[in-house]
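To start, the structure itself, in structure tokens.
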There are 2 protein chains.
Amino acid sequence: MNDSPGDPSTTARPTLKTIAYMTGLGVTTVSRALSDAPDISQSTKERVRLVANQIGYRPNRAGVRLRTGKTNVISLILSIETEVLGLTSHLVYGLSERLRASPYHLIVTPYSVDDNSLDPVRYIVETGSADGVVFSRIEPRDARVQYLHERGFPFATHGRSTMGIDHAFFDYDNQAYGETAVRLLAERGRRRLALLPPPAHLTYATHMLVGFTSGLARHDLLEVPLHQVTSDSPHEKIMSVITEMMTSPNRPDGIVCASASSAIAVISAAEDAGLVIGRDFDVAVKDAFNMMRKFRREVIVLHEDFRAAGLGLADAVLRLIDGENATGQQIIQPPRPG
Amino acid sequence: MNDSPGDPSTTARPTLKTIAYMTGLGVTTVSRALSDAPDISQSTKERVRLVANQIGYRPNRAGVRLRTGKTNVISLILSIETEVLGLTSHLVYGLSERLRASPYHLIVTPYSVDDNSLDPVRYIVETGSADGVVFSRIEPRDARVQYLHERGFPFATHGRSTMGIDHAFFDYDNQAYGETAVRLLAERGRRRLALLPPPAHLTYATHMLVGFTSGLARHDLLEVPLHQVTSDSPHEKIMSVITEMMTSPNRPDGIVCASASSAIAVISAAEDAGLVIGRDFDVAVKDAFNMMRKFRREVIVLHEDFRAAGLGLADAVLRLIDGENATGQQIIQPPRPG
DNA sequence: GGACCGATCTGAAACGTTTTAGATTTGCCC
DNA sequence: GGGCAAATCTAAAACGTTTCAGATCGGTCC
């Protein structure tokens with residue numbers, strides 16, 4: 001088949017060998033020239049780079065990976081049921097935007113909330129299928145954070161843990177959100193507020209609750225407790241709970257919602273009960289899509305920027321991979337008026 | 001370091017060599033045993049499999065990939081500006097759900113609409129960075145479809161081309177959507193309809209237009225033309241065009257929208273103009289999130305199932321990789337009442 | 001008893017890369 | 001002109017896998 005060894009006339013993908021053949025150098029030299037090693041002469045480097053560009057050489061990822069163990073992959077771990085719905089798409093947007101200029105590829109690793117959330121993380125570490133990992137839905141004593149931290153594996157989380165491990169994260173300031181939302185409701189003259197909280201096991205549930213209650217105290221408002229429902233509950237479940245609450249004698253006149261999708265359920269139920277949003281009842285909500293702001297302008301909207309989160313998380317992971325310390329890789333994003 | 005060669009006591013990740021050492025077999029035998037080759041005895045196969053399971057052996061992807069060229073990767077190519085917004089998350093959901101049980105990983109390859117859409121496809125083919133590829137925003141004579149088809153590279157598209165290439169696709173029946181939407185509007189007594197169409201260069205724009213106009217003809221309705229705006233136009237742009245249209249003397253009494261996000265702009269503008277949806281004006285829309293149905297029940301909603309699309313596309317690509325023919329890998333999903 | 005066969009196993013090579021451990025050349029010093 | 005250092009290059013090994021081309025061993029056939 002091959003007339004002369006290393007003959008580059010073939011249509012196959014160029015390798016180091018191809019360049020070596022074309023320049024008359026050894027494969028080692030070519031490799032070192034391309035990686036800008038100190039013991040290669042300037043002229044050789046230039047010649048090699050020229051040829052490499054001409055023939056469109058790109059290092060074979062499998063070769064690099066096999067030899068060095070470096071995968072050039074960042075893995076985004078997603079809970080299929082709760083996360084792939086909407087918000088996350090902006091996160092993917094931000095992540096891939098940042099990764100596009102880098103040699104890294106973004107791979108999406110899904111898991112089901114029925115599974116142990118540690119499984120995908122363990123899989124990635126054990127099989128070495130990524131250089132860094134990003135995930136969310138963080139708990140105060142998150143097993144994944146602990147696992148990765150112990151092993152020194154680069155990771156950044158959307159949300160944070162609170163067990164004293166100094167890890168990279170990007171978090172929305174949910175405490176400030178709670179406070180601000182309450183303040184805005186108070187400014188509209190609302191006196192009796194409910195909170196539709198995130199699932200209690202997630203760290204940011206606590207943050208939001210703290211903000212909410214401190215806001216209540218500051219503005220001297222009353223809390224109307226809301227039980228057995230979170231922003232993750234199914235639409236119908238939220239609606240039925242809100243309906244019940246709205247028809248009770250001491251109904252709230254305002255509510256702080258932890259998510260846009262749950263706010264939709266709240267609004268539907270409230271309107272079904274004959275209330276007019278903005279007149280009888282006010283709703284505050286975090287909105288990533290700007291959909292609320294555009295669609296239901298009577299709703300009180302605070303913006304949460306998931307794209308910025310993606311950018312920040314990608315940045316952090318890349319820096320960790322480059323050997324930087326996790327200290328200083330913590331970003332808390334303040335709520336912005338929608 | 002290593003006392004005995006191949007000593008498995010080390011904490012390192014097990015390889016074929018580890019199993020070979022433990023069973024006293026050769027590496028070749030172990031490899032062939034695991035791949036169920038015919039010239040390995042049953043007892044050996046069982047013994048090898050047992051040990052492999054015990055020590056949690058997983059083939060090194062880089063090794064396999066380097067040797068065989070198989071990447072075990074499916075690439076989803078996304079236009080960052082228009083696609084990562086919402087709808088696509090369900091597509092990712094479906095894709096990864098189907099791929100989870102397979103050895104394939106899903107990697108997300110973003111591109112900007114400013115770039116040549118062929119670039120990411122070419123990159124993947126040239127660098128061999130995936131075994132199959134999925135993308136959308138298909139044009140009638142799509143360059144990517146042609147490129148991949150010529151090279152026999154496995155791919156499936158969300159939407160279809162119309163140049164006679166028999167490729168795998170999953171498409172929503174946008175013609176039926178157009179017809180049905182018009183029918184539903186007609187049933188509500190609407191007589192003068194507008195269409196907020198998809199960008200004209202995409203295949204499904206034609207389909208939707210055909211359905212729309214045939215629906216108009218069948219129910220003997222009038223078309224109110226809508227110019228210089230598509231469902232991809234910015235929110236503000238759509239609003240201003242709709243506002244202008246709504247204040248004109250021969251305004252439509254109903255509209256068919258190509259996307260949920262554009263419908264939001266339409267509704268906002270209509271309400272700003274003092275119209276009440278469902279009374280003065282009706283809006284028909286495709287909704288993937290079920291958000292419209294839950295939120296604005298006066299809107300006429302037809303459901304588009306992106307998760308099913310993801311499942312179908314993953315299925316198709318896997319089958320193509322397995323050597324099946326593209327014929328028969330075409331699915332057209334009918335619109336479903338929201 | 002020699003040839004042959006089937007069943008079962010295996011060494012070596014190869015995929016493309018990086019790194020280790022030199023090899024070669026040149027110039028300089030004494 | 002021998003020794004030495006600096007500059008520049010390179011062969012070979014290794015990462016883990018699959019595959020090619022046998023090797024080995026009983027047994028069978030004539």
Side-chain angles (χ1 to χ4, degrees), chain A residues 1-2 5-8 10 12-48 52 55-72 103 126-129 131, chain B residues 1-2 5-8 10 12-49 51-52 55-72 103 126-129 131:
Chain A
M1 287 284 180
N2 263 10
D7 184 345
T10 145
R13 185 166 164 213
T15 72
L16 289 181
K17 211 198 265 183
T18 319
I19 303 180
Y21 176 84
M22 290 176 74
T23 54
L25 294 164
V27 167
T28 306
T29 312
V30 174
S31 170
R32 312 213 71 225
L34 287 173
S35 63
D36 204 25
D39 65 345
I40 303 292
S41 77
Q42 205 51 42
S43 64
T44 302
K45 282 181 187 172
E46 274 157 22
R47 193 155 50 101
V48 167
I55 64 176
Y57 167 77
R58 293 175 196 265
N60 179 308
R61 290 173 81 96
V64 175
R65 181 164 169 179
L66 181 56
R67 172 65 228 228
T68 64
K70 187 154 173 53
T71 62
N72 283 305
E126 283 174 4
T127 65
S129 58
D131 297 334
Chain B
M1 286 284 179
N2 261 9
D7 185 345
T10 146
R13 185 168 165 212
T15 71
L16 288 181
K17 210 199 264 182
T18 319
I19 303 179
Y21 176 85
M22 291 176 72
T23 53
L25 294 164
V27 168
T28 304
T29 312
V30 174
S31 170
R32 313 214 70 227
L34 288 173
S35 62
D36 204 27
D39 64 347
I40 303 292
S41 77
Q42 203 52 41
S43 64
T44 302
K45 283 181 187 172
E46 274 158 22
R47 192 155 52 100
V48 168
R49 279 199 277 259
V51 173
I55 64 178
Y57 167 77
R58 292 174 196 267
N60 179 307
R61 298 185 134 235
V64 174
R65 181 163 166 179
L66 182 56
R67 172 66 229 227
T68 65
K70 187 154 172 55
T71 62
N72 283 306
E126 282 173 4
T127 66
S129 59
D131 296 334

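Convention: sequence-line order gives letters A, B, ...; per-chain numbering from 1. Only a predicted model underlies this, so the values are computations on that prediction, with no experimental measurement involved.
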All N/O donor-acceptor pairs, side-chain side in residues 55-62 of chain B, below 3.5 Å, sequence neighbours left out:
residue : atom : partner : partner atom : Å
N60(B)  : OD1  : A62(B)  : N            : 2.7
N60(B)  : OD1  : G63(B)  : N            : 2.9
R61(B)  : NH1  : H105(B) : ND1          : 3.4
R61(B)  : NH2  : P103(B) : O            : 2.7
R61(B)  : NH2  : H105(B) : NE2          : 3.4

Scan the side chains in residues 30-40 of chain A for donor-acceptor partners under 3.5 Å anywhere in the protein, sequence neighbours excluded, and list what turns up.
residue : atom : partner : partner atom : Å
R32(A)  : NH1  : D39(A)  : OD1          : 2.5
R32(A)  : NH1  : D39(A)  : OD2          : 2.9
S35(A)  : OG   : S31(A)  : O            : 3.2
S35(A)  : OG   : R32(A)  : O            : 3.2
D36(A)  : OD1  : K45(A)  : NZ           : 3.0

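Relative to the axis of its first five pairs, the axis of the last five pairs of the helix from dG1(C)-dC30(D) to dC30(C)-dG1(D) sits at 70°, rounded to 10 degrees.
Atoms NZ (K17(B)) and C1' (dT18(D)) sit 16 Å apart, rounded to a whole Å. What separates CG of L25(B) from P of dA23(D) is a distance of 20 Å, to the nearest Å. Across the protein-nucleic acid pair, L16(A) atom CG and dA12(D) atom P stand 17 Å apart, rounded to whole Å.
Put simply, chain B comes within 4.0 Å of DNA chain C, heavy atom to any atom, from dT8(C) to dG16(C), going 5' to 3'.
By the side chain to side chain donor-acceptor pair (under 3.5 Å) test, D131(B) pairs with K70(B), T71(B), sequence neighbours left out. Residues satisfying the side-chain contact (heavy atoms from CB on, under 4.5 Å) test with E126(A), not counting sequence neighbours, are R122(A), Y147(A). Remark: T44(A) engages S41(A) in a side chain to side chain donor-acceptor pair (under 3.5 Å) (not counting sequence neighbours). With sequence neighbours excluded, no residue satisfies side chain to side chain donor-acceptor pair (under 3.5 Å) with T28(A).
Using a 4.0 Å cut-off on heavy atoms, the residues of residues 27-34 of chain B that approach DNA chain C are T28(B), T29(B), listed by number. Sorted by residue number, the members of residues 58-71 of chain A with any non-hydrogen atom under 4.0 Å from DNA chain D read L66(A), R67(A). Using a 4.0 Å cut-off on heavy atoms, none of the residues of residues 36-43 of chain B approach DNA chain D.
Between atom CZ of residue R67(B) and atom CG of residue L66(A) there is a gap of 12.5 Å, rounded to the nearest 0.5 Å.
Counting all heavy atoms, side chain and backbone alike, T127(A) lies closest to R13(B) at O-NH1, 3.1 Å. Here the shortest heavy-atom pairing between A20(B) and G26(B) reads CB-C, 3.9 Å.
Using a 4.0 Å heavy-atom criterion, one finds that S35(B) contacts no nucleic acid atom at all.
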